[in-house]
Amino acid sequence: MRTIILVFVYIIVIVLSFCLLMPIGLIIRLFSKKASAAYALFIVKCAFNLCMFISGCKKEVVGLEKVPTDTAVMYAANHRGFYDIILLYSIVPTQTAFVAKSGLRKFFCIAQWMWFLDCMFIERDNIKQSLEVILKAIALVKSGTSVYISPEGTRNPTDELLEFKEGSMKIATKGKVPIVPVCFTGTEKIMEESMPWVHSGKIRVEFGDPIYPDKLEKEELKHIGRYTRDVIQKLYDSTLEAKD
């Protein structure tokens, strides 16, 4: 039943978006791209909170107060399921764009809102295109927009994080912004484990202490992807230990 209701609501959102909400966003964009992005973030937050409510998600948010709000940041997160993005976007405190796989372009309406939010589509097997995305992300954080990326590169519902792609860390090191470690648990149980059906459940996100690249030791900076991965792995392991 939840899945059917979500599909019905999705259709309503599409109609409202193209008939009313997006045209308003385009008008705002004529005067201010920044204001248009802020408007889009508000709409997306409302839609995603509604999505979690219908899905029966009980969200737990830990450490949000650790996220700096006086500067752009690079969120680096483990990637367990589609609801990672839904949960994070419903609570981010500042303007945020996320780096997503190119396949999301196929999701009607979602792709258009992503455009308003300055989100970027990355083709994992295209090195040149991936580099262009990283350069765009660096420019975004320098302009004051935070960027969210999953350095594992793909969904991974296991208890052991995949190796982080070191290239993604250049967003923070070249953009000179802090890295905010983000740890998700339980998001894969909402949809991925029961495709195509949606099930209720508890989802959790924990924000770790910001990592400032310029304050790291030389060896830590050299392998900053591994360093960040280890921080998130510890957050994940501590969450599992607390459940036992």
Do [X] and [Y] sit in one hydrophobic cluster, given that two such residues count as connected whenever their side-chain heavy atoms are within less than 4.5 Å of each other, even indirectly?
{"X": "Leu117", "Y": "Leu88", "answer": "yes"}
{"X": "Val9", "Y": "Phe42", "answer": "yes"}
{"X": "Met1", "Y": "Phe8", "answer": "yes"}
{"X": "Phe98", "Y": "Val141", "answer": "no"}
{"X": "Tyr212", "Y": "Phe207", "answer": "no"}

Could you check if a side-chain atom of [X] sits within less than 4.5 angstrom of a side-chain atom of [Y], using non-hydrogen atoms only?
{"X": "Glu60", "Y": "Thr185", "value": "no"}
{"X": "Ile232", "Y": "Phe164", "value": "yes"}
{"X": "Gln233", "Y": "Tyr236", "value": "yes"}
{"X": "Pro151", "Y": "Thr228", "value": "no"}
{"X": "Val147", "Y": "Thr96", "value": "no"}
{"X": "Arg80", "Y": "Lys189", "value": "no"}

ask   = Which of these passes side-chain contact (heavy atoms from CB on, under 4.5 Å) with Cys183: Asp237, Leu161, Val205, Leu235?
value =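 That would be Leu235.
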message = Using the rule side-chain contact (heavy atoms from CB on, under 4.5 Å), only one of Leu26, Ile28, Leu41 pairs with Phe116; which is it?
response =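 Only one option passes, and that is Leu26.
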Residue pair Ser32, Lys34: steps toward the side chain to side chain contact (heavy atoms under 4.5 Å, CB included) verdict = CA-CA 5 Å; Ser32 171; Lys34 185 177 181 180; 3.9 Å; yes
Is it true that, when you exclude [X] itself, more than 12 heavy atoms of the residues, nucleotides or ligands shown sit nearer than 6.0 Å to its [atom1]?
{"X": "Leu30", "atom1": "CG", "value": "yes"}
{"X": "Arg226", "atom1": "CZ", "value": "no"}
{"X": "Asp125", "atom1": "CG", "value": "no"}

query = Considering residues at least two apart in sequence or located in another chain, which fulfil the side chain to side chain contact (heavy atoms under 4.5 Å, CB included) criterion with Ala38?
reply =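 Side chain to side chain contact (heavy atoms under 4.5 Å, CB included) check on Ala38 returns Gln95.
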Minimum heavy-atom distance between [X] and [Y], given as atom pair plus value:
{"X": "Gly25", "Y": "Ser36", "result": "O-OG, 3.1 Å"}
{"X": "Ile203", "Y": "Gly186", "result": "CG2-O, 3.7 Å"}
{"X": "Pro213", "Y": "Thr173", "result": "CB-CG2, 4.1 Å"}
{"X": "Ile134", "Y": "Gly167", "result": "CG2-O, 4.1 Å"}

Roughly how far, to the nearest 0.5 Å, is the [atom2] atom of [Y] from the [atom1] atom of [X]?
{"X": "Ile122", "Y": "Lys136", "atom1": "CD1", "atom2": "NZ", "answer": "12.0 Å"}
{"X": "Ile179", "Y": "Ile149", "atom1": "CD1", "atom2": "CD1", "answer": "10.5 Å"}
{"X": "Tyr148", "Y": "Ile85", "atom1": "OH", "atom2": "CD1", "answer": "4.0 Å"}
{"X": "Met120", "Y": "Gln129", "atom1": "CE", "atom2": "CD", "answer": "11.0 Å"}
{"X": "Cys119", "Y": "Met114", "atom1": "SG", "atom2": "CE", "answer": "4.5 Å"}
{"X": "Asn156", "Y": "Glu160", "atom1": "CG", "atom2": "CD", "answer": "8.5 Å"}

Kindly list each side-chain donor-acceptor pair under 3.5 angstrom involving residues 190-201, sequence neighbours excluded, with atom names and distances?
residue, atom, partner, partner atom, Å
Glu192, OE2, Phe82, N, 2.8
Glu192, OE2, Arg155, NH1, 2.8
Ser194, OG, Trp197, O, 2.7

ask   = Are any side-chain N or O atoms of Ser238 and backbone N or O atoms of Lys234, one a donor and one an acceptor, separated by less than 3.5 Å?
value =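 At least one qualifying donor-acceptor pair exists.
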Show me the donor-acceptor pairs, under 3.5 Å and distance only, between side chains in residues 10-21 and residues at least two apart or in other chains.
residue, atom, partner, partner atom, Å
Tyr10, OH, Phe108, O, 2.5
Ser17, OG, Val13, O, 2.7
Ser17, OG, Trp113, NE1, 3.0

inquiry  = Can you tell whether the side chains of Lys33 and Asp118 come within less than 4.0 Å, N to carboxylate O?
reply    = yes
query = After noting the C-alpha distance and the side-chain angles of Ile138 and Lys142, does the key distance pass the side chain to side chain contact (heavy atoms under 4.5 Å, CB included) rule?
reply = CA-CA 6 Å; Ile138 293 171; Lys142 284 184 176 181; 3.9 Å; yes
task = Consider only side-chain N and O atoms of Thr239 and Arg204, and report whether a donor and an acceptor are under 3.5 Å apart.
result =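 Present: a donor and an acceptor within the cut-off.
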key: Derivation and outcome, side chain to side chain contact (heavy atoms under 4.5 Å, CB included), residues Asp214 and Lys176   = CA-CA 8 Å; Asp214 59 346; Lys176 297 181 180 180; over 6 Å; no
Tell me which donor-acceptor pairs under 3.5 Å the side chains of residues 44-59 have, and how far apart each pair is, sequence neighbours excluded?
residue, atom, partner, partner atom, Å
Lys45, NZ, Val92, O, 2.6
Asn49, OD1, Lys59, NZ, 3.1
Asn49, ND2, Lys45, O, 2.9
Ser55, OG, Cys51, O, 2.7
Ser55, OG, Tyr83, OH, 2.6

Contacts under 3.5 angstrom, residues 62-79 side chains, donor-acceptor by atom type, not counting sequence neighbours:
residue, atom, partner, partner atom, Å
Asn78, OD1, Phe184, N, 2.7
Asn78, ND2, Phe184, O, 3.0
His79, ND1, Asp84, OD2, 2.8

Please tabulate, for side-chain N and O atoms in residues 99-107, each donor-acceptor pair with protein atoms closer than 3.5 Å (sequence neighbours left out).
none

